[in-house]
There are 2 protein chains.
Amino acid sequence: MTVTLADVAARARVSPATVSRVLNGNYPVAASTRERVLRAVDDLDYVLNGPASSLAAATSDLIGILVNDIADPFFGIMAGAAQTEIGGPGDGSGRAGGEKLAIVCNTGGTPERELTYLTLLQRQRAAAVVLTGGAVEDPAHQAAVSAKLAKLADAGTRVVLCGRPPLADNTSVVAALAFDNRGGGRRLTEHLLSLGHRDIGYVAGPVERTTTRHRLEGHRDAMKAVGIVGDEDRLTVHGSYDRRSGYDATVELLRREPGITAVVAANDTVALGATAAIRDRGLRIPEDISVAGFDDLPFSVDVVPALTTVRLPLFEAGARAGRLATGKEAPPPGGIATIAAELMVRGSTAPPRG
Amino acid sequence: MTVTLADVAARARVSPATVSRVLNGNYPVAASTRERVLRAVDDLDYVLNGPASSLAAATSDLIGILVNDIADPFFGIMAGAAQTEIGGPGDGSGRAGGEKLAIVCNTGGTPERELTYLTLLQRQRAAAVVLTGGAVEDPAHQAAVSAKLAKLADAGTRVVLCGRPPLADNTSVVAALAFDNRGGGRRLTEHLLSLGHRDIGYVAGPVERTTTRHRLEGHRDAMKAVGIVGDEDRLTVHGSYDRRSGYDATVELLRREPGITAVVAANDTVALGATAAIRDRGLRIPEDISVAGFDDLPFSVDVVPALTTVRLPLFEAGARAGRLATGKEAPPPGGIATIAAELMVRGSTAPPRG
DNA sequence: TACCGCATAGAAAGCGCTTGCTACGGCTGT
DNA sequence: ACAGCCGTAGCAAGCGCTTTCTATGCGGTA
């Protein structure tokens with residue numbers, strides 16, 4: 001039925017062991033023999049049996065990339081970059097070119113699915129796992145994830161965090177690349193304050209997410225620094241990281257306090273929704289209300305007016321995570337690196353009206 | 001070192017066979033025995049060895065989803081939807097709940113990587129493969145892909161095409177869900193023509209892509225129908241499916257023919273670039289030039305003016321592909337279904353100036 | 001010329017799991 | 001009361017590959 005190593009061996013008139021060695025290239029094989037084997041492989045159109053090989057070798061070439069929402073370019077960009085670094089050239093042949101298979105797993109942001117995928121990856125004896133994006137802050141879940149990661153690390157899987165804060169016990173992790181969400185959030189709000197805004201609404205992401213909390217904290221730090229306190233809760237509305245949620249939250253914000261002169265959104269997608277809500281209300285941006293986002297996704301420069309936001313080097317971070325996962329790059333000292341966030345001032349923010 | 005089935009069996013005082021049967025739940029096991037086994041699994045924190053299991057059972061629970069560009073929401077939305085349908089509830093335990101692992105593979109739109117991933121998936125004895133997005137039209141490559149898919153199908157892998165035209169020999173495919181790119185393209189241009197436009201530029205996608213060709217053909221069919229012919233090549237510029245390319249192509253288009261009153265873009269992302277190029281030139285949309293896109297990605301309704309485009313039910317299509325891949329849904333008659341594309345008229349298109 | 005060592009190939013023992021077949025009680029039917 | 005079944009559990013044979021250890025043949029050296 002299916003062609004096996006033994007079939008190839010028979011055709012090349014060598015032992016299965018020799019075929020295996022040719023394919024893996026980690027043992028001296030005479031050139032003439034290799035030639036013969038390779039021809040047999042081609043002739044028979046042989047494809048290695050992955051499970052059998054992983055079983056015997058006790059490792060696999062799978063690298064899992066976990067993302068919260070694959071439809072969100074924030075994750076897509078990081079995952080794509082990581083995959084670019086991981087995937088070898090690839091020649092479509094049956095030969096195993098030391099190649100890794102990067103696969104992305106969509107957790108939908110739910111803790112259960114995150115754990116499920118981690119287990120599944122553990123089952124497959126994955127070579128590495130990259131977790132992207134903010135973590136859920138539920139202690140029980142974090143403990144479960146940490147335990148799982150520790151077990152993976154024990155089994156030889158390289159664990160890399162990308163855009164996610166380090167674990168409490170970061171020893172089972174090769175490297176943690178964390179975005180400076182707090183700093184970015186702070187600088188963004190400082191920018192608004194420097195323009196003269198005082199009544200600033202905040203459309204936050206889902207509660208219990210590290211990303212959400214850090215960005216919000218940065219915002220509040222900036223507000224506190226100039227003595228604006230007391231109204232935080234009223235001027236903050238939580239929602240999910242999507243456009244619809246941004247729209248709804250902004251409507252609510254304007255209901256609570258029609259006098260706000262600026263809206264800071266959890267991310268660019270949410271900012272898009274906020275923009276729509278503000279316009280539907282008949283207000284102009286930035287004349288009546290300034291809007292700012294976070295992430296600097298590709299479309300942000302193209303909306304009108306262009307969105308003031310905080311640029312996160314998603315591609316670079318993803319690529320680095322990919323290299324870390326494959327061991328192409330040495331981990332940063334202590335296994336922890338903070339990635340800077342850069343303020344991008346554009347047309348959607350302006351001084352409030354007189 | 002690692003816990004094996006035998007360890008669990010020993011602890012539960014049963015044979016390995018019984019443990020296996022409890023875990024797979026496809027053989028009668030007395031309730032009390034099952035109980036005991038499950039407890040042992042928990043106690044030992046046992047995780048099934050995927051490769052071993054796949055080897056013995058000659059199947060795996062992996063389902064591969066191939067996408068051209070994971071950073072593009074067009075693919076992200078389809079992949080996410082498919083994954084939603086495929087992934088079971090999942091409880092994070094070691095139990096195999098008949099669960100499938102949906103993994104997405106980023107081909108970057110290159111034929112080689114597409115083939116490489118197909119081989120890798122074949123290696124892993126994937127349960128199903130979903131190919132999304134347009135195919136490259138190189139005959140050699142198409143033959144190679146068809147051959148690969150036939151082999152996969154032979155080995156029991158369910159092959160589903162989503163947003164991709166059927167193969168010449170579609171028998172190895174469970175189902176092909178194709179978007180009506182040609183019809184959508186035609187209706188979009190008909191809309192522009194009905195507004196009175198006659199000088200329409202077209203920013204096309206990469207050559208040798210089915211999607212590109214079909215959309216372009218729809219456009220040209222509409223032009224031909226009203227007798228506008230002869231200028232096709234001059235008013236068409238090819239590029240890749242990204243913003244940057246849309247910007248550059250539009251600049252080129254305006255250089256070739258400053259008199260155009262409308263630009264049709266290969267997709268919404270490209271339309272974004274086109275919009276920017278037009279504005280940088282000091283022209284207004286839609287007063288001076290109308291712009292239209294394709295796909296109706298989430299941001300399209302939020303740009304200003306909102307983008308006239310052709311809506312593709314990406315989520316629904318992806319979800320259906322997921323169901324088809326898992327066998328939850330019966331294939332359409334003949335294994336082929338065409339998915340309608342709906343024209344969405346919005347603010348970015350208007351009659352040309354007097 | 002006899003011996004040793006190196007380069008290369010083969011034999012065979014698993015890797016951890018699934019599953020067809022067999023074995024064993026107790027219960028039913030007559 | 002005995003044959004025959006059904007419901008369960010175990011045995012053991014692989015699944016296709018990797019890898020350790022062993023065997024072989026050759027060239028070089030004394």
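This structure is a prediction, so every number in the text was calculated from the model and none was measured. In what follows, every chain begins at residue 1, and chains take the letters A, B, ... in the order their sequences are listed.
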_So if I define the base as every atom that isn't primed, P, OP1 or OP2, how would nucleotides 18-28 of chain D read as a B/S/- string at a heavy-atom cutoff under 4.0 Å?_
BBB--------
*Any side-chain N or O of B:T4 under 4.0 Å from OP1/OP2 of C:dC15?*
no
_Rounded distance (Å) that lies between atom P of C:dT18 and atom CZ of B:R125_ = 17 Å
*asked:* For B:E35, is the CD atom crowded, meaning more than 12 foreign heavy atoms sit under 6.0 Å from it?
replied: no
*Rounded distance in Å - CZ (B:R123) to P (D:dG16)*: 16 Å
*Between B:L55 and B:R13, just flag the one whose closest nucleotide in DNA chain D comes earlier from the 5' side.*
B:R13
*Which residues pass the side-chain contact (heavy atoms from CB on, under 4.5 Å) test with B:A56, sequence neighbours left out?*
none
*Validation row: B:H141, B:S146 side chains within 4.5 angstrom (heavy atoms)*: no
*asked:* From CG of A:N49 over to P of D:dG14, roughly how many Å is that when rounded to an integer?
replied: 17 Å
*asked:* Hydrogens and angles aside, do B:T18 and B:S15 bring a side-chain donor and acceptor to less than 3.5 Å of each other?
replied: yes
*asked:* Between the side chains of A:E329 and A:R158, is the shortest nitrogen-to-carboxylate-oxygen separation below 4.0 Å, so that they form an ion pair?
replied: no
*asked:* Looking at B:R11 and B:A40, would you say the former's side chain and the latter's main chain have a donor-acceptor pair under 3.5 Å?
replied: no
*asked:* Check the phosphate of D:dT8 against B:T33, side-chain N and O only, distance under 4.0 Å to OP1 or OP2. Yes or no?
replied: no
